[in-house]
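First listed ligand is number 1; within each ligand, the first listed atom is number 1. Just so you know, these numbers come straight off a predicted model, no measurement behind them.
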Amino acid sequence: MELQPPDPPLSDGIVSLRPWVLDDVPAIAAACNDPEIAQWIHQLPSPYTARDAREYVFSTEAAWGDRLGAFFAVVECASGQVVGSIALHVTDRELANLEVGYWTAARARGRGLTTRALRLLSGWALREVGAERVQLRADVRNGASIRVAEKAGFTCEGTLRASGFNSRENRRVDYAVYSLLPSEVG
Ligand SMILES: CC(C)(COP(=O)(O)OP(=O)(O)OC[C@H]1O[C@@H](n2cnc3c(N)ncnc32)[C@H](O)[C@@H]1OP(=O)(O)O)[C@@H](O)C(=O)NCCC(=O)NCCS
C-alpha cells in the first residue's frame, strides 16, 4: 500500500481532504469540545484543549511518515473552512486492511458532508492505495455514524459484542462492524 497524501488533494467539488496543518488547531479544539464527539469517540481528551489539538496535528504528521495511516482535514470547498476529520488506520499491512474513523463539527452536520468524505477516502484507498478492505466500527447506538456507513455503500457484517469500552459509562459496549471491498467501489 502506498500511503502518501494524494496530489492533487481528493475532492468532489463540495468537500476536499488535505493533511492537517498547525493553523487548524483552533478549528479542531472548537469542534472536539462537543458532548456528541465525546460520547462516541471516548479516547479523545475531555475537555479538549488547543494543546491536545497541536499534539494531534503533530501525531498525524509522524503517522503519515511512518505509513501508519492517512489523516485528513475535511474542508468545505465553498467556504474553505475545516468541517471535520477523517482518517484511515492500517490494521494489517500484509493483508492491506484499513479502518476508518471520522467526526464532523456540530455546525456542519446533517448536510451529507461526512458521507461525501467517506466515499472519497474509501474510493481512494481501495482504487489507488491498494487497500483490500476498509472497515468501520461504530457503537450500535450511534445512529448517525451507522447511517453514514450505509449511505457510503458499506456492508454491515454484524455486531462485535462487548468489543469496546466506553470509559464515560464505565462499561463494555457493542460495536456494529461494516466494510467496503475493492469490487464494491462505484
Ligand atoms: C457521525 C457524524 C460524523 C455524521 O456526520 P454528518 O456530517 O451529519 O453525516 P451526514 O450528513 O453525511 O449523514 C448523517 C445521516 O445520519 C442521519 N442521522 C443523524 N442522527 C441520527 C440518529 N440519531 N439516528 C439515525 N440517523 C441519524 C441523518 O439524518 C443523515 O442521514 P440521511 O441523509 O439519510 O438523512 C457526526 O454526527 C459526528 O461527528 N458525530 C460524533 C462523532 C462520531 O460519532 N463519529 C463516528 C464514530 S464511529
Within 45° cone of Tyr175 ring axis and under 6.0 Å: Arg137 NZ or CZ: yes
message: side chain to side chain contact (heavy atoms under 4.5 Å, CB included), that's the test. Do Tyr48 and Ile28 meet it? Break it down for me.
response: CA-CA 9 Å; Tyr48 194 100; Ile28 299 171; 3.7 Å; yes
- request: Test Glu76 against Gln81 for side chain to side chain donor-acceptor pair (under 3.5 Å), laying out the working first.
  value: CA-CA 6 Å; Glu76 188 176 31; Gln81 289 192 336; over 6 Å; no
field: Those residues that, when tested against Tyr178, pass ring pair (Phe, Tyr, Trp, His ring centres under 6.0 Å) (two or more places apart)
entry: none
Set of side chain to side chain donor-acceptor pair (under 3.5 Å) partners for Gln39, sequence neighbours left out: Glu169
message: Restricting to side chain to side chain donor-acceptor pair (under 3.5 Å), what partner residues turn up for His89, sequence neighbours left out?
response: none
- request: Non-hydrogen atoms closer than 4.0 Å to ligand 1: which protein residues do they belong to? List them by chain and number, please.
  value: Glu36, Ile37, Trp40, Ile41, Tyr102, Trp103, Thr104, Arg109, Gly110, Arg111, Gly112, Leu113, Thr114, Thr115, Arg137, Ala138, Asn142, Gly143, Ala144, Ser145, Arg147, Val148, Lys151
